[in-house]
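Note: hydrogens, waters and symmetry copies are ignored here, and every other heavy atom, side chains too, is used.
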Amino acid sequence: MGFRIEQACPQCGGPIELDETDHLIACPYCGVKSLLFTPDYFRLVLPHNAQARNIIYIPYLRLKGVVFSCAQRKVHHRIVDITHLSVPFKPFPMSLGLRPQTLKMKFVDADMGGIFLKSFVKRSQLLTRAAKQASAGMEEKPVHRTYIGEAFNLIYLPVYIQGKTLLDAITHTALAEIPHNSKTFEPLTDTGPRWTPAFLPTLCPHCGWNLQGRGDSVVLICTNCETAWEAVKGRLVKVATFTVPRSQTDTVYLPFWKMAVKSRGITLTSHADFMRFTNQPKVIQPAWEKQELAFFSPAFKIRPKVFLHLCRQLTISQGDIGVKDRFPDKRPYPVTLPLSEAIQGIKVTLAVSAVSKKRVMPLLSRITFAIQRAELIWLPFRESVHEMIQQDLNISINKNALAFGRYL
């Protein structure tokens, strides 16, 4: 279960309610759309009803995503959702429990009063904890591990001091006894500039038209000049797009990342090399010898098992995909997985594609891939009652799995 966020429209100040997965916000009052951006992670505060108090905000670092672990015989996966106290002060609860899911939070802004404590837990420490959780029950030690779709947030718990007692500003229950007028929190206070979320205008950099997308879209579309744009380091960057055209009325175009790469550590220079290395039971076609080495990934979030299946199927079958330099003419599905996340899944795709995993898995630690080019490929799927079907590649995706992926 995700959490809800209250935010004022940057244009008119009207109240907007967001899901935690939302990047694109649309004001229901003035109609202006803005793209939320952060250089590291979003900072949120839990609401309290102790306005007359001097509030101290306690940071908790939260990680949500999918951990993929490559062992000797299998690729394991697990969805993790961890919230951990981020200051070295034992009286505070180690986790926020269900509060982020039950209370509507707000973004930290420069005008917010109170004392904010520093976050002492690093991303790497929380990833290590997630790795231990993901490895629980595994008989083999992973030879490679990666995190896909991970989202970090810093959530602040409001507390206040009354006499010698530290109280929770939400429930007003006592957390700890501290000396009167204590300076316990001074070494922990964050004295840096107050963080404020950034809002990017959703106007096409090419033609100035309004960009289109869903709340959780990470790539926005311009229907006027038929271009696609991804937010990278605070600016909109154009994405190369190609389409496999289809004229059926029930067609939905699902997006996939195609990543042309150069390998290091092993000699893989073409699609034919990939097919031989993974020992695919197919006859190597002469055209594959000249076809570039490329990996495919869904450009949308979906259940880990389905994600692996799609990566493997499309990477192996890419020789049968005939694309054109054009834009989908109808019903494009939103891009919810950024290219940076798809890149992290390249080694996992190689591992899950290998027929002989005992031979390939030990080599993963020495293999690296350098991205040469990335493209967004729109594949046509026929929509049935329960599934999305790609007839050319014999791929089907359950519609419930697609819907569930919007909340990952």
Side-chain angles (χ1 to χ4, degrees), residues 1-3 19-24 63-70 74-81 101 130 133-134 146-151 213-219 221 243-244 246 248 250-259 295-318 320-321 328 330-346 348-353 376-408:
M1 182 179 178
F3 50 72
D19 286 319
E20 68 166 311
T21 55
D22 284 348
H23 303 279
L24 181 66
L63 164 67
K64 182 181 180 182
V66 182
V67 183
F68 290 92
S69 304
C70 300
K74 184 180 179 182
V75 177
H76 302 264
H77 52 78
R78 179 170 294 184
I79 299 174
V80 295
D81 192 341
Q101 285 79 32
Q133 188 180 103
T146 191
Y147 308 85
I148 298 178
E150 79 266 20
R214 302 283 183 87
D216 53 351
S217 296
V218 296
V219 171
I221 295 171
T243 303
V244 177
R246 184 73 76 246
Q248 295 173 320
D250 57 350
T251 297
V252 177
Y253 286 92
L254 268 59
F256 294 84
W257 292 111
K258 178 185 178 182
M259 298 159 286
F295 289 83
F296 276 71
S297 165
F300 48 90
K301 294 182 180 180
I302 198 164
R303 291 180 183 274
K305 184 177 180 179
V306 183
F307 178 86
L308 291 176
H309 173 72
L310 292 174
C311 288
R312 175 184 178 277
Q313 186 78 2
L314 284 164
T315 301
I316 291 173
S317 305
Q318 61 184 279
D320 302 324
I321 300 175
K330 55 187 175 182
R331 304 182 71 187
Y333 191 82
V335 179
T336 59
L337 186 78
L339 174 61
S340 59
E341 299 291 330
I343 291 173
Q344 295 182 40
I346 290 178
V348 177
T349 302
L350 181 65
V352 79
S353 301
L376 192 62
I377 309 295
W378 299 93
L379 292 182
F381 282 71
R382 181 174 61 82
E383 184 176 8
S384 68
V385 177
H386 300 292
E387 292 181 316
M388 308 292 286
I389 302 168
Q390 217 302 315
Q391 295 175 316
D392 298 331
L393 301 176
N394 196 27
I395 295 174
S396 64
I397 304 174
N398 186 279
K399 293 169 73 172
N400 288 334
L402 274 176
F404 176 81
R406 303 290 292 273
Y407 300 97
L408 287 176

Requested in this report: Please lay out, stage by stage, how Phe307 and Phe68 fare under the test ring pair (Phe, Tyr, Trp, His ring centres under 6.0 Å).
Outcome: CA-CA 11 Å; Phe307 178 86; Phe68 290 92; 5.7 Å; yes
Query raised in the report: Is it true that atom CZ of Arg214 has more than 12 heavy atoms of other residues, nucleotides or ligands lying nearer than 6.0 Å?
Result: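 No, the 6.0 Å shell around CZ holds no more than 12 heavy atoms from other groups.
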Query raised in the report: Is Lys305 atom NZ crowded by more than 12 heavy atoms from other residues, nucleotides or ligands, each under 6.0 Å away?
Result: no
To the nearest 0.5 angstrom, please state how far the [atom1] atom of [X] sits from the [atom2] atom of [Y].
| X | Y | atom1 | atom2 | value |
| --- | --- | --- | --- | --- |
| Phe3 | Glu20 | CZ | CD | 4.0 Å |
| Trp378 | Leu376 | CH2 | CG | 5.5 Å |
| Lys74 | His76 | NZ | NE2 | 5.5 Å |
| Leu393 | Gln318 | CG | CD | 10.5 Å |
| Ile377 | Tyr253 | CD1 | OH | 13.0 Å |
| Lys258 | Phe296 | NZ | CZ | 5.0 Å |

Using atom types as modelled, flag every donor-acceptor pair under 3.5 Å from a side chain in residues 332-343 to any protein atom, sequence neighbours excluded.
unit_1	atom_1	unit_2	atom_2	d
Thr336	OG1	Lys301	N	2.9
Glu341	OE1	Gly149	N	2.7

Check [X] against [Y] and note the closest heavy-atom contact, atom names and distance.
| X | Y | result |
| --- | --- | --- |
| Ala130 | Leu63 | CB-CD2, 3.6 Å |
| Gln313 | Asn394 | NE2-O, 4.3 Å |
| Leu24 | Gly213 | CD2-O, 3.4 Å |
| Leu254 | Ile397 | CD2-CD1, 3.7 Å |
| Ile302 | Ala401 | CG1-O, 3.6 Å |
| Lys64 | Asp81 | CD-OD2, 4.0 Å |

Taking the side chain as everything from C-beta on, heavy atoms only, tell me whether [X] gets closer than 4.5 Å to [Y].
| X | Y | value |
| --- | --- | --- |
| Val67 | His77 | no |
| Val348 | Cys311 | no |
| Ile389 | Ile395 | no |
| Val66 | Arg78 | no |

Query - Charged N-O contact under 4.0 Å between Arg382 and Glu387 - result: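 Not counted as a salt bridge, because no side-chain N and carboxylate O are separated by less than 4.0 Å.
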Requested in this report: List in chain and number order the residues that pass side-chain hydrogen bond (donor to acceptor under 3.5 Å, both in side chains) with Thr146, two or more places apart in sequence or in another chain; answer none if no residue qualifies.
Outcome: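 For Thr146, no residue satisfies side-chain hydrogen bond (donor to acceptor under 3.5 Å, both in side chains) once neighbours in sequence are set aside.
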Query raised in the report: Under the side-chain contact (heavy atoms from CB on, under 4.5 Å) criterion, do Met388 and Ser396 qualify, and how do the steps go?
Result: CA-CA 5 Å; Met388 308 292 286; Ser396 64; over 6 Å; no
Query raised in the report: Do the rings of Phe381 and Phe256 sit parallel, tilted or perpendicular, given the 30° and 60° boundaries?
Result: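 Correct class here is parallel.
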Examine distances only and state if a side-chain atom of [X] and a backbone atom of [Y] form a donor-acceptor pair shorter than 3.5 Å.
| X | Y | answer |
| --- | --- | --- |
| Glu383 | Thr251 | no |
| Asn398 | Asn400 | yes |
| Gln390 | Asp392 | yes |

Report task. Just do the side-chain contact (heavy atoms from CB on, under 4.5 Å) check on Val219 and Trp257 with the steps written out, would you? Result -> CA-CA 12 Å; Val219 171; Trp257 292 111; 4.2 Å; yes
Report task. Go through the steps to decide whether Leu350 and Phe295 satisfy the test side-chain contact (heavy atoms from CB on, under 4.5 Å), and finish with yes or no. Result -> CA-CA 9 Å; Leu350 181 65; Phe295 289 83; 4.2 Å; yes
Query raised in the report: Quick one: which of Leu308, Leu310, Ile316 gives a side-chain contact (heavy atoms from CB on, under 4.5 Å) with Arg312?
Result: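 It is Ile316; the other options fail the test.
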